[in-house]
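Every value quoted in this text rests on a predicted model; they were computed, and no experiment measured them.
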There are 2 protein chains.
Amino acid sequence: MPQRPAKKCLHCSMHRKTGNFCSHLSDAELENLSNKSRTATLKRGEALHSADLLTWPVVAISSGVISMQHLLEDGRKTIAAFFMAGDIIDMRGISSRNRGHLIALNKTDICRLSPTAFEQISETNLDAQRVIWSNLRTQNYRAMDHSADLAKKQALEKLASFIFECRGRQVVDICKNSVIIPVRRIDLAEYLGMQPETVSRCFKDMETRGIIEFKSISHIKILSIPTLRRIANGDKNTQNMRPSCKVLSYG
Amino acid sequence: MPQRPAKKCLHCSMHRKTGNFCSHLSDAELENLSNKSRTATLKRGEALHSADLLTWPVVAISSGVISMQHLLEDGRKTIAAFFMAGDIIDMRGISSRNRGHLIALNKTDICRLSPTAFEQISETNLDAQRVIWSNLRTQNYRAMDHSADLAKKQALEKLASFIFECRGRQVVDICKNSVIIPVRRIDLAEYLGMQPETVSRCFKDMETRGIIEFKSISHIKILSIPTLRRIANGDKNTQNMRPSCKVLSYG
DNA sequence: CGGCAAGTTGAGCCAGGTCAACTCCGGTGG
DNA sequence: CCACCGGAGTTGACCTGGCTCAACTTGCCG
């Protein structure tokens, strides 16, 4: 007698939201996967230990933010990627070589998926397979976009891009102009390859130029999407967009 | 009567080299895929047009280097990723939104795989599925590593990392110390988010410090792998490693 | 209400970007 | 065979965006 859906999945966002892997499983598959998997809640700063990742290399995130962090010899730290609700971290076959540490930036609910059950589902359930695949592809192209941002953009431009990235990723969008920054300034700085001080200055700059408005420290309202877009795209002529006439800066 | 293997695949590195997707196909699968696919050779600078990518979103690379390039408003250009022999570029489901352009950096042999044949194989041939998957995962983690490099490393450190990346990716390694840089300085600079001038200066620095040696403009011999590794890892105390005694730089 | 972490502001400085001149090298044509 | 050409790479001199360090403010939690 299959109780459907598996009890512990009932309130999990991974199962509830279409577009996520778990919502494409049959009752039997979900039951099986659920029984063999382990949920957990991480506090800010807690890590997914590499020892655990060897036995549980596939982790689904149901809420919160997990970062992939790299550490340099002298203490410089970088966040290479954010994983958020719906993402599947798949460390199968990633050699134990220094791949960075997975560290929660928030209170985060995760589900360590049984590798065998996961593999079996991905082999037999084409629907689920496509979702997993698509998630991985998205992660991949997101990482490449991020590389492009880091490589040549200036601080202000990176921050503008980041606001759009957050907007695109947030699960509930209250409104097209409202963006929640789900991480601390420090984490943001490490993700964008800049200093917290610089992040602060850039936000301030956008605010005084009337492009964004802070509802709270982590809640932004975008006042001029076009201007922000142009900044993100590296357009240098956005200084004078406010007073409707565009002053040429040559000469 | 299946002629095995498909004629045009006979000399293709994708089919010949184990570890690549095509080498895991049955004769029938290869025959079918081969018939429905289109090979092509690109010259330096030629692009995979987005129109083509709509109908042929899956491209396998058999030799050469393809870059994913992003362009900013004011002409700044970035290379977000390199794709090399064995890589599969999978643009299925990537919205036509500005995802960057795929441009050859060399004479490059590609094979546009029939999406239907590719999909069918990936659903039925578990062996092949695993290879595709693993390739995508590798691309993903490579992109994240690259992000980490770009975010916080200094020019010299990025270059050192890049040398190791090339070493890790090169197909034929003549010798553990020999590394071929498969792209021009300009492309390298765009990939690492720096200026060609800076690339030049950093190479020079490594050379004068006796860490690497240039056999030709694109052929490096690493003279001290440990030093190069330490630079890549962000260790600041590599200046004085040569004269066997390590001079402390404090005080 | 104190204590601490996070965030902000200000002042000074340097790694690496920018610009311009020069060298190197492979290809082409007389 | 050499002169010429153009793109790639290198070198030097200068300049600036953002890093650094230090002081200060804010906000959260017990």
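No N or O donor and acceptor, one from the side chain of A/Glu197 and one from the base of D/dC19, sit under 3.5 Å apart.
Considering only heavy atoms from C-beta on, B/Met14 comes within 4.5 Å of B/Ile88 through its side chain. Within the 4.5 Å cutoff, the side chain of B/Leu102 has heavy atoms near those of the B/Leu53 side chain. A/Leu42 has its side chain out of reach of A/Lys107: every pair of non-hydrogen atoms, C-beta onward, lies at least 4.5 Å apart. With a 4.5 Å cut-off on side-chain heavy atoms, B/Cys202 and B/Met194 count as touching.
Where DNA chain C pairs in unbroken runs of 3 or more (Watson-Crick or G-U, both distances under 3.5 Å), the stems are C:1-30 with D:1-30.
B/Tyr191 and B/Glu165 are linked by a side-chain donor-acceptor pair at a separation below 3.5 angstrom, with hydrogens and angles left out of the test. For B/Ser161 and B/Lys153, the side-chain atoms include at least one donor-acceptor pair closer than 3.5 Å. Side-chain atoms of B/Ser147 and A/Ser147 include a donor-acceptor pair closer than 3.5 Å.
Going from atom CG of B/Asp74 over to atom C1' of C/dT18 covers 14 Å, rounded to whole Å. Across the protein-nucleic acid pair, A/Asn106 atom CG and C/dA6 atom P stand 13 Å apart, rounded to whole Å. Across the protein-nucleic acid pair, B/Phe214 atom CZ and C/dC25 atom P stand 14 Å apart, rounded to whole Å. Note: CG (A/Leu192) to C1' (D/dG18) measures 14 Å, nearest angstrom. The nearest whole Å value for the distance from the CZ atom in A/Phe203 to the P atom in D/dT26 is 19 Å. To the nearest angstrom, C1' of C/dG17 lies 14 Å from CD of B/Glu190. Put simply, CG on B/Leu150 is 12 Å from P on C/dG17, counting in whole angstrom units. A straight line from CZ of A/Arg184 to C1' of D/dG27 spans 14 Å, rounded to a whole angstrom.
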Show me the protein contacts with nucleotides 11-16 of chain C, counting only N or O atoms at under 3.5 Å.
unit_1: C/dG16; atom_1: OP1; unit_2: B/Ala155; atom_2: N; d: 2.8

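At the phosphate of D/dA8, neither OP1 nor OP2 sits under 4.0 Å from any side-chain N or O atom of B/Arg185.
Checking C/dT9, D/dT10, C/dA6 against the side-chain heavy atoms of A/Lys204 singles out C/dT9 as nearest.
Ring geometry, A/Phe214 versus A/Phe203: the interplanar angle exceeds 60°, so the pair is classed perpendicular (tilted spans 30 to 60°).
Remark on DNA chain C: of its neighbouring residues B/Arg76 and A/Pro196, the 5'-side contact belongs to A/Pro196, judged by nearest-heavy-atom nucleotide.
The side chain to side chain donor-acceptor pair (under 3.5 Å) test with B/Ser178 singles out one residue from B/His219, B/Arg167, B/Lys221, and that residue is B/His219.
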